[in-house]
Structure formats: structure tokens, C-alpha cells
Amino acid sequence: MNIRAGRLKKKMNRYAASFTSSLEFDKRIFEADVDCNIAHCTMLAAEGIIEQEDADKIINSLDELKKAGIEALDLDPSVEDIHMAVESYVTQKIGDVAGFMHTAKSRNDQVATDLRLVLVREIEEIEHDILKFIDNILKMAEIHTETVMVGYTHLQHAQPTTFAHHLLAYANALKRDYERLKDAYNRVNMNPLGSAAMTTTSFNINRELTTELLGFHGLMKNSIDAVSSRDFAAETVFCLCMLASTLSKICEELINWSSYEFGILEISDEFSSTSSIMPQKKNPDLAEITRAKTAVLYGELMTVMTILKALPHSYNRDLQEITPHLWNAVDTSKSMVNIVNKMLFTIKIDKNRLKDLATSNFSTATELADVIVREKNVPFRVAHKIVGRMVMHALENDITPGEIGSKFLDKIAQDLIGENLDLKDEIIQKALDPYENILMRKTVGGPSPDTVKSAIAELNAFLDKEQS
Ligand code: ARG
């Protein structure tokens with residue numbers, strides 16, 4: 001049924017219609033569109049703009065449509081979009097009186113409203129999934145506050161830490177990803193309805209009422225801006241990109257650390273793949289796909305940003321092309337969070353290997369330099385030089401950290417500063433012990449088991465607050 005047959009003599013060409021139709025990705029806003037129409041008609045009747053009796057007929061038909069589902073609609077591309085499909089349905093059911101439903105409304109404000117309504121729900125879901133993930137990470141961290149491992153910078157052994165401390169790095173990044181989304185949510189949750197095509201309408205509509213009926217937090221204060229803007233979509237996709245980047249980082253570590261060379265952890269079979277030719281293989285495919293899907297998200301952000309570039313006010317059909325990219329970003333990131341959550345939660349950690357790595361390659365050297373500063377009042381730069389030279393000699397002569405004593409250190413100190421340090425063997429050995437290193441790092445944010453336990457408690461309190 002063609003309900004817009006006034007201006008044009010001919011129907012749109014078939015190819016042109018399917019080229020321009022948004023019906024496929026509008027399916028996602030079907031229910032929101034019906035709700036938007038119901039709220040709008042309720043308001044029109046409440047304000048005496050249309051007869052209550054007409055509004056009731058329209059609303060009853062919309063309620064029926066909601067029950068019948070999207071299958072009840074004619075989704076031929078020539079219908080153009082979901083808004084036309086819904087209006088055509090109501091017209092078919094109740095006749096010309098349906099024509100009142102588009103009073104004081106345009107598809108321009110309607111589509112912006114529908115997108116925001118759906119996105120609000122999607123963000124809530126993703127937020128919930130992130131909190132679930134943080135919760136699992138905290139559960140894991142609780143059992144690993146004493147699990148010593150080496151931390152990396154430049155992917156080289158840097159300093160000892162614990163697996164719990166490392167897990168809390170994930171939790172903190174995810175917390176920011178969550179907070180970023182929560183902040184964007186405030187700007188998504190605004191009502192553009194009533195802006196009509198771009199300048200509102202001469203009918204005396206009540207925008208506060210539709211805002212309340214649709215559950216938005218507030219209404220958009222400029223009608224031109226309301227129909228033109230999609231920054232709410234762009235910033236949500238950016239938030240999802242940052243989230244994906246956090247997930248990709250986690251995956252990168254799972255991939256590296258599950259290799260034979262690192263041998264730190266094993267990904268569960270359920271989240272692994274094998275090779276069609278090499279019978280021995282256990283591959284981290286899920287982590288790899290997640291890493292790659294991060295690029296898909298970045299691509300969606302670039303697409304959205306580029307569509308927005310140089311668009312004049314107000315509505316331009318270009319805006320329609322943003323929609324499928326928004327949904328793809330939402331779906332992709334949602335699946336990524338849930339996969340990485342499950343994958344991380346089911347890994348097996350090799351504590352002995354972690355400890356060996358932390359013990360064997362002078363990751364405790366910083367602490368020895370610090371001890372020299374504290375005990376002997378030597379400037380840090382001098383201590384740094386002595387320990388650096390000591391490590392060089394030790395590595396050249398196959399001397400392990402456990403074998404370093406006062407004599408060895410003093411030979412180097414004599415060479416460099418012309419005097420002995422006279423540090424006791426026990427003090428040197430304590431400084432070179434990874435676990436002792438960890439116990440001493442009690443500063444807020446650090447790896448000492450007690451510090452990490454308070455950090456876990458703080459994050460748990462944050463989860464409680466957000467989930468209440
Ligand atoms: N399908 C359109 C979109 O997604 C709805 C608005 C169409 N408005 C118009 N003036 N053609 O943006």
C-alpha cells in the first residue's frame with residue numbers, strides 16, 4: 001500500500017528502492033517504533049490534537065501489531081523503512097483514520113527516538129555483562145593474591161608481581177570501560193520526539209509527556225540538533241571500541257602465555273581449537289578471533305565518524321547508513337565480552353612455572369638497587385649502575401640470583417665507585433626474592449597481598465553499588 005502517493009508521479013524504481021531501504025536493519029527498532037507511535041498518539045489525544053476515539057483505534061491496532069510481531073508487516077523494500085511499514089499496517093487495519101498518527105511527527109524525529117530507545121537497552125545489557133565479567137575476575141583474583149609471577153615491560157621480564165595484581169589491571173580497565181558507557185548512556189537517553197522534520201510543529205504538542213511515556217531521562221532542547229545528531233551513536237561505538245581494546249589486550253596475553261615458550265597457562269578445551277593436519281595442536285582461536293573483531297569495531301567507528309563528517313544540518317539520509325554499523329558494533333562487542341569472560345574464567349594457571357620465571361631472570365634487580373639506596377645512602381643512579389653491572393656479570397657467568405652475595409656485589413662496587421657496600425648476604429638475598437619484593441610493595445595500587453585484598457574489597461563494593 002502506498003500511503004505517500006501525492007508528490008511523485010511514479011513509484012520508485014525497484015533497484016533504487018532496495019538500494020535505499022533500511023528495512024533490514026530497522027527490524028531491530030520495530031518494537032521501539034510501535035512504542036514511539038503509541039506514546040505519540042497518547043500525547044496527541046491527551047492534548048486534544050486528535051480525537052481520543054481515533055487515538056484509541058490507532059493504539060489498539062498498534063497493540064495488536066506488537067502481539068503479532070514483525071512478521072505481520074509488509075517488509076517489501078518498496079515500503080522503504082519500518083516507520084512506513086508500521087503506518088501501512090495500521091492503515092490497512094483501521095483505514096484512513098490511521099492517517100492521524102503521523103500528525104506532528106516525522107520519520108526524522110521518529111528514527112532518532114527509536115534508535116535511542118533500543119540503544120539504551122543495549123547499553124544496559126553490555127554494562128551488566130561487564131559487571132559480571134569484573135565479578136568473575138575478582139573471584140579469580142581472590143585465590144591468586146600469593147601467586148607470584150613476573151610482570152613485563154617491552155615483553156621483557158620487569159618486576160615481580162602476583163597474578164591477582166595482574167587480574168586487577170583487567171578489572172580496573174573494565175571498570176573504566178563500564179563507566180565510560182554509563183556516561184555515554186546519559187546522552188543517549190534523551191528524547192528527540194516532537195522535533196518532527198526539524199522545526200517542531202505548530203500543533204501544541206507536549207514533549208514532556210512523550211518523554212515520560214517513553215521513559216527517557218530528558219528531552220533534546222533543539223529540534224534541528226535532535227534530528228541531525230548521531231554523536232550518541234558515535235560515542236557509544238567509541239566506548240565499545242575501548243572495551244574491545246581491553247578485551248583484545250587480555251586475549252593477546254592469553255595467546256602468548258598459553259604458548260609452550262611462556263607455558264604460564266592453559267586455555268580450557270571448550271575455548272580452544274585444533275588443527276586439521278597437526279594432531280598435537282591446541283590453538284587459542286577464540287582469543288585470536290576476539291583480537292581480530294576489535295578491528296571490526298574500530299572499522300565501525302571509522303564508518304560512523306566518516307558518515308558524520310561534513311554533513312550539514314539537519315536530517316540527511318546519510319544518517320540511515322550509520323544504523324547497521326551501530327548494531328554490528330553492539331552485537332560484536334557483546335559477544336566478545338561474554339566469550340572472553342568465559343575463556344578467562346576457565347584457564348588453568350601453572351603456579352610453578354610462574355614462580356620459576358619470576359625467580360630466574362633478575363626481575364628483582366630494582367629492589368636490590370632500592371636496598372642499596374636505603375641502607376647505604378647511595379644515590380639511586382649509582383645503585384642502578386652497580387646492580388646493572390652485577391646483572392651483566394651474573395648473566396655472562398651463569399650465576400643465578402640465588403647465588404649472589406656480598407662479595408660478588410662488592411667486587412663490582414669497588415670497580416665502579418672504589419668502595420665496598422658491605423651489605424649482608426641475607427639483605428641481598430631478601431631483596432632478590434620475588435615474594436619478598438611483593439610483600440614490600442604495600443603502596444596503594446601495588447601487589448602486596450594485603451593491598452590487593454583491599455583493592456578487591458573496594459571493587460566488590462563498587463559492584464554492589466552498581467548492581468543494587
Ligand atoms: N529510514 C530512515 C533512517 O533510518 C528514516 C528517516 C527517513 N526520513 C526521510 N526524510 N527520508 O534514517
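Whatever order the structure lists ligands and atoms in, that order sets their numbers, starting from 1. Computed from a predicted structure; not experimentally measured.
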Item to complete: Could you tell me which atoms of ligand 1, counted from 1 in the order shown, lie closer than 4.0 angstrom to a heavy atom of S22?
Response: 1 (N)
Response to the item:
Sorted by chain and number, sequence neighbours left out, salt bridge (Lys or Arg N to Asp or Glu O under 4.0 Å) with K139 holds for D135
Practice prompt. Mind running side chain to side chain donor-acceptor pair (under 3.5 Å) on D177 and T246 for me, showing each step along the way?
Written response: CA-CA 8 Å; D177 292 329; T246 305; 2.6 Å; yes
Discussion item. Using a plain distance cutoff, I'd like to know if N108 has any nitrogen or oxygen under 3.5 Å from a nitrogen or oxygen of ligand 1.
Written reply: yes
Discussion item. As an exercise, identify every atom of ligand 1 less than 4.0 angstrom from a heavy atom of Y315.
Written reply: 2 (C), 3 (C), 5 (C), 6 (C), 7 (C), 8 (N), 9 (C), 10 (N), 12 (O)
Worksheet item: Is any N or O atom of D81, backbone or side chain, closer than 3.5 Å to an N or O atom of ligand 1?
Response: yes
Worksheet item: Sub-3.5 Å donor-acceptor pair from the side chain of N13 to the main-chain atoms of A16, do we have one?
Response: yes
Item to complete: State plainly whether the residues R187 and D183 are in salt-bridge range, i.e. N to O under 4.0 Å.
Response: yes
Response to the item:
Closest to atom 11 (N) of ligand 1 among protein heavy atoms sits R107 NH2, 3.5 Å
Discussion item. With a 3.5 Å distance limit and no angle check, can you tell me whether N361 reaches the backbone of S363 through a side-chain donor-acceptor pair?
Written reply: no
Worksheet entry | Backbone or side-chain N or O of Q320 under 3.5 Å from ligand 1 N or O | yes
Response to the item:
For H83, the ligand 1 atoms with a heavy-atom partner under 4.0 Å come out as 5 (C)
Discussion item. Can you list everything that forms a salt bridge (Lys or Arg N to Asp or Glu O under 4.0 Å) with E125? Sequence neighbours excluded, please.
Written reply: K334
Discussion item. Under a 3.5 Å cutoff, is there a donor and acceptor pairing between the side chains of S78 and D76?
Written reply: yes
Item to complete: Answer yes or no for Q110: is there a heavy-atom contact with ligand 1 below 4.0 Å?
Response: no
Item to complete: Check whether any N or O atom of R230, backbone or side chain, sits under 3.5 Å from an N or O atom of ligand 1, and answer yes or no.
Response: no
